[in-house]
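All figures in this text were calculated on a predicted structure; none of them were measured in a lab. Residue numbers begin at 1 in each chain, while the letters A, B, ... track the order of the sequences. Basis for what follows: all heavy atoms, side chains included, without hydrogens, waters or symmetry-related copies.
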Protein chains: 2
Amino acid sequence: MDETTGLRERKKAATRLALHEAALRLAAEQGPDAVTVEAIADAANVSRRTFSNYFSNKEEALFHGDTTRLRRLLQLIRERPASEPPWTALSLAAERFTEEAFGDRDHSWLTRRRQLRGHPGLAAHQVAAYTTIERELAGDLAHRLTGADVALRSRLLAATFLAILRVAVQHWIDHPGGHLRQTIRTALAEAAPPATAGTAGD
Amino acid sequence: MDETTGLRERKKAATRLALHEAALRLAAEQGPDAVTVEAIADAANVSRRTFSNYFSNKEEALFHGDTTRLRRLLQLIRERPASEPPWTALSLAAERFTEEAFGDRDHSWLTRRRQLRGHPGLAAHQVAAYTTIERELAGDLAHRLTGADVALRSRLLAATFLAILRVAVQHWIDHPGGHLRQTIRTALAEAAPPATAGTAGD
DNA sequence: TTCTCAACGTGCAAACTTGCCTAGTGCGCA
DNA sequence: TGCGCACTAGGCAAGTTTGCACGTTGAGAA
């Protein structure tokens, strides 16, 4: 995978990741408000100016991981066969997604995420990250729906699905020892009826 | 020390060092001729073009360490009081130099150096590195000499001193378990008479 | 010998980083 | 209230790295 991309692109990705991880670590250690952009840049061994070249603010750096993961989820959903009922496609993509994205999370990552939980400003930014993806997902889902009110129903489906996913992941982060995969399965099953009702393919 | 220089300079130094160390490691592992510039650049995580921005060839990269150390030695000599007899200044500077430069060499460094020993092309480059410094040192020493033939005597003094140092260090590298400091002391004392004869300050 | 090819050294343009600077914001203190 | 101060976002120029192209060289095969 790395072999196909050039050195320049690999280095950019590394810098972005370094900034993201520095932001996460420092925010967990000192509290999100206490961290300065300068401290993050220093920790990632780049200039403050370079931080701005990658992220427009601290929060963006903090949620870069989420953004990346969600974008990957979107891709997984797109890869599901078009013939698959929407909720099935979403569920199976979510299944694969959790394995990929959270299968090998180390303990320190979880600890950090836990320490950031409940911070008001941050939560807003996280929801914003999800919302951005939500619009894209709705657009995709529209192609998988037929019947009346496709625009509305696809938006609802996207919003429901992402909300469930967000809550399930957050729940898993907050409650050590749980199994994310099972949590998500349960959560999706719980919410399946209304979402399945939106299906019109069969 | 790092705190005073900017990020840009620190990164350049780091890149130069990374290239130097990669060159040393690969040359020791595969033999100096088998290593390509490309391999060194890859190991240092920079492009082949960047290698050329730092060094004009493999050998320069390999002897970057020597060059740096010798330049530091020159500085130490310059810091000796002008009133000090030349050979005394040289000896005391050499004393301090060995502590600084070889005091904390790890085992792998010694191993690598040993593996490069005796390679014909490399030896020539190393001597070249010493010769460059030799001219500078001679220039400095001229200020510490009086009497006739200062130009010649300062060149002789510089050449003798550096030759002794080079041999002593090489001997230490080749013979594990020896004490560099003692080796150098012995070597310098051995050669002191002719050099001291060149002194004219007292 | 001639051909081929890998490695090298270097010129050049585009991309990226750094450092400096400015304007804007929010906060504490006189 | 007004002032100073730390932090931030982003414009700009200079410095650095990358990617690519081109000509050269030396070693080995045809």
Side-chain angles (χ1 to χ4, degrees), chain A residues 2-27 29-64 67 119-122 124-125 128, chain B residues 1-27 29-64 119-122 124-125 128:
Chain A
D2 270 354
E3 290 84 303
T4 57
T5 59
L7 180 58
R8 183 167 270 162
E9 275 187 81
R10 269 183 288 144
K11 283 198 170 181
K12 281 197 73 170
T15 301
R16 200 178 292 276
L17 188 61
L19 283 168
H20 166 58
E21 290 187 336
L24 212 50
R25 181 171 61 78
L26 292 175
E29 281 172 13
Q30 315 173 0
D33 298 325
V35 206
T36 66
V37 167
E38 181 157 21
I40 297 172
D42 283 356
N45 201 32
V46 297
S47 69
R48 196 198 54 72
R49 191 61 183 82
T50 295
F51 176 95
S52 291
N53 293 340
Y54 282 89
F55 300 109
S56 48
N57 51 53
K58 262 177 293 195
E59 291 75 18
E60 205 174 302
L62 277 173
F63 288 109
H64 167 64
T67 309
H119 192 277
L122 254 46
H125 274 275
Chain B
M1 198 167 276
D2 269 354
E3 291 84 303
T4 56
T5 57
L7 179 59
R8 184 167 268 162
E9 276 186 80
R10 269 182 288 143
K11 283 198 171 181
K12 281 199 76 167
T15 301
R16 201 178 291 277
L17 187 62
L19 283 168
H20 166 59
E21 291 187 336
L24 212 51
R25 180 172 61 78
L26 292 175
E29 282 173 10
Q30 315 173 1
D33 297 326
V35 207
T36 66
V37 166
E38 182 157 21
I40 297 173
D42 283 357
N45 202 31
V46 296
S47 68
R48 185 172 70 82
R49 191 61 184 81
T50 295
F51 176 94
S52 292
N53 292 340
Y54 283 90
F55 301 109
S56 47
N57 50 52
K58 262 177 292 195
E59 291 75 18
E60 207 174 300
L62 276 173
F63 288 109
H64 167 63
H119 192 277
L122 255 46
H125 274 276

(message) Walk along nucleotides 10-19 of chain D from 5' to 3' and tag each nucleotide B, S or - by protein heavy-atom contact under 4.0 Å, base first, then sugar-phosphate.
(response) BBB-BBSBBB
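Every residue two or more places apart in sequence or in another chain was checked for a side-chain hydrogen bond (donor to acceptor under 3.5 Å, both in side chains) with R8(B), and none qualifies.
For the pair K11(B)/V46(A), a side-chain contact is recorded, criterion being any heavy-atom separation below 4.5 Å from C-beta on. A 4.5 Å side-chain heavy-atom check between L62(B) and F55(B) finds every atom pair outside the cut-off.
The list of side-chain hydrogen bond (donor to acceptor under 3.5 Å, both in side chains) pairs with a residue in residues 12-23 of chain B, not counting sequence neighbours, is empty.
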(message) The test is side-chain contact (heavy atoms from CB on, under 4.5 Å); show your working for L7(A) and N45(B) and say whether it passes.
(response) CA-CA 8 Å; L7(A) 180 58; N45(B) 202 31; 3.7 Å; yes
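Here the C1' atom of nucleotide dT8(D) and the CD atom of E60(A) are 14 Å apart, to the nearest Å. Taking atom CD on E59(A) and atom P on dA9(D), their separation rounds to 8 Å, with Å as the unit. What separates CG of D33(A) from C1' of dA6(D) is a distance of 15 Å, to the nearest Å.
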